[in-house]
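Single-structure report; data block below.
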Amino acid sequence: MNFTIATTLDEALTALAAGARPVAGGSDLVVGARQGKSPLPESVVAIDRIESLTHLDASTDGLGIGALVTHAQLESDATVVGAYTALADASALVGSPSTRNVGTLGGNVMNASPAMDTGAPLLVFGAEVELRSSAGSRRVGVADLWTGPGRTSAQGDELCTAIHLPSRPAGSGSAYVRLEYRRAMEIAVVGAAASITLAADGAVVSLSVALTAVAPTIIAVGGTDTLAGRQVDDALLADVAALASSQAVPISDLRASERYRRHCVGVMARRAVDAAARRARGESIAVPVNRSLGIGAAS
Ligand SMILES: Cc1cc2nc3c(=O)[nH]c(=O)nc-3n(C[C@H](O)[C@H](O)[C@H](O)COP(=O)(O)OP(=O)(O)OC[C@H]3O[C@@H](n4cnc5c(N)ncnc54)[C@H](O)[C@@H]3O)c2cc1C
């Protein structure tokens, strides 16, 4: 195996152009190889020492998150917790403290698991991924990035350098919840993220919902635009649950049947919208929602 360490972006892009695969925290790539899921690539370039990819940059346009920003940083960053709370909820649920300290947002996004926790929050925020190669750079919406389980539309020589989130309108709140059977070292059985903006009278201005682990990729729930103008009450939450359950296309496996996942994702979507609306109204619900509201595993 050929292993190199890049300390600059140019070094990493040169290695990628020569066929190397990037490794950031290694918590998917290396752990997966050790577990026998897939062998390590022939050529690997470590990117974790590229300082320029480790920053969060807030501006009036929104938030730029360097690809190497870890889940531990995201769950405690004031801007993420305050304005992009669903992403903090998701990062706070990833693995264990040690997983969150090495696992990066870029790695989670580029690994493209349908069960990735940050995916649904990024989708409801309309995130774009910045991809760079020796030939130049481009931005891709996350919905166009994920093409299947473990597959993206990125080329082999493209490195994810940052994830960009647009700024949030006043009156907005968001939340991510997942069904889990135990509290740590567990991936989502199903999950849902919601982003909502409310008018001063509490009516819905806009609502986005996305689902985890019920399709080959993270999926957005269609039809939530028809809920604009309504109050967030039991009737609206029931409509959200019905939309989510009807659009999910889950599989059955040893963790849950297709029917159970379809039902539970409606419950998760309803809870995510409820928590997002409560946050939009100014209620303080600590990160992650799962622990604050007792969703998922009890201990
Ligand atoms: C015990 C354990 C528990 C876990 N729990 C969860 C969980 O609850 N939820 C969850 O979502 N995930 C979980 N994971 C998976 C993993 O921790 C996350 O997906 C993490 O964010 C991956 O980041 P990384 O930097 O370690 O990725 P790496 O393993 O370094 O890379 C993952 C993939 O992305 C590619 N890649 C990495 N960085 C870039 C880049 N900048 N540009 C292009 N391609 C890149 C790599 O080539 C590789 O294919 C868990 C893992 C372990 C070991």
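By convention here, the first residue in the shown sequence is residue 1. In each ligand, atom 1 is the first atom listed, and ligand 1 is the first ligand listed. As a basis for the values below, the full set of heavy atoms in this structure was taken, side chains included, without hydrogen atoms, waters or symmetry mates. Keep in mind it's a predicted model, so treat the numbers as computed, not measured.
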Looking only at distances, can you tell me whether any N or O atom of [X], backbone or side chain, sits closer than 3.5 Å to an N or O atom of ligand 1?
{"X": "E158", "answer": "no"}
{"X": "T104", "answer": "yes"}
{"X": "G26", "answer": "yes"}
{"X": "G25", "answer": "yes"}
{"X": "P22", "answer": "yes"}
{"X": "G106", "answer": "no"}
{"X": "M110", "answer": "no"}
{"X": "G95", "answer": "yes"}
{"X": "T99", "answer": "no"}
{"X": "C160", "answer": "yes"}

Interfacing atoms of ligand 1 (cut-off 4.0 Å, heavy-atom, [X]):
{"X": "D28", "value": "15 (C), 16 (C), 18 (C), 19 (O), 20 (C), 22 (C), 26 (O), 29 (O), 32 (C)"}
{"X": "M116", "value": "11 (O)"}
{"X": "A67", "value": "41 (N)"}
{"X": "V23", "value": "30 (O)"}
{"X": "H71", "value": "20 (C), 21 (O)"}
{"X": "V31", "value": "53 (C)"}

Rounded at 0.5 Å granularity, tell me how far [atom1] in [X] sits from [atom2] in [Y].
{"X": "E42", "Y": "F3", "atom1": "CD", "atom2": "CZ", "value": "14.5 Å"}
{"X": "L207", "Y": "S174", "atom1": "CG", "atom2": "OG", "value": "11.5 Å"}
{"X": "Q231", "Y": "L236", "atom1": "CD", "atom2": "CG", "value": "9.5 Å"}
{"X": "S91", "Y": "N108", "atom1": "OG", "atom2": "CG", "value": "7.5 Å"}

>> My understanding is that we take every heavy atom of each candidate and find the minimum distance to atom 17 (O) of ligand 1. Doing that for G103, A90, S27, which one comes out nearest?
In response: S27
> Nearest non-hydrogen atom to atom 12 (N) of ligand 1 belongs to which of N108, T161, D117?
Replying inline: N108
Between [Y] and [X], does any NZ, NE, NH1 or NH2 come within less than 4.0 Å of an OD or OE carboxylate oxygen?
{"X": "D234", "Y": "R270", "answer": "yes"}
{"X": "R261", "Y": "D253", "answer": "yes"}
{"X": "E283", "Y": "R279", "answer": "no"}

> Heavy atom of R34 under 4.0 Å from ligand 1?
Replying inline: no
> Heavy atom of R100 under 4.0 Å from ligand 1?
Replying inline: no
> Do N101 and T70 have side-chain atoms, one donor and one acceptor, less than 3.5 Å apart?
Replying inline: no
> Are any side-chain N or O atoms of S133 and backbone N or O atoms of E158, one a donor and one an acceptor, separated by less than 3.5 Å?
Replying inline: no
>> Taking side chain to side chain contact (heavy atoms under 4.5 Å, CB included) as the definition, give me every residue that meets it alongside V31, ordered by chain and number, with sequence neighbours left out.
In response: Q35
> Can you pull the ring-ring contact (aromatic ring centres under 6.0 Å, His included) pairs that have at least one residue in residues 90-145, sequence neighbours excluded?
Replying inline: Y84-F125
Please work out, at 4.0 Å between heavy atoms, whether the side chain, the backbone, both, or neither of [X] comes within that distance of ligand 1.
{"X": "L93", "answer": "backbone"}
{"X": "R178", "answer": "side chain"}
{"X": "A24", "answer": "both"}

>> If hydrophobic clusters are built from ILVMFWY residues whose side chains come within less than 4.5 Å, do V44 and I47 share one?
In response: no
> T197 and A170: which non-hydrogen atoms are nearest, and at how many Å?
Replying inline: CG2-O, 3.5 Å
>> I'd like to know whether CZ of R49 has more than 12 heavy-atom contacts from other residues, nucleotides or ligands below 6.0 angstrom.
In response: no
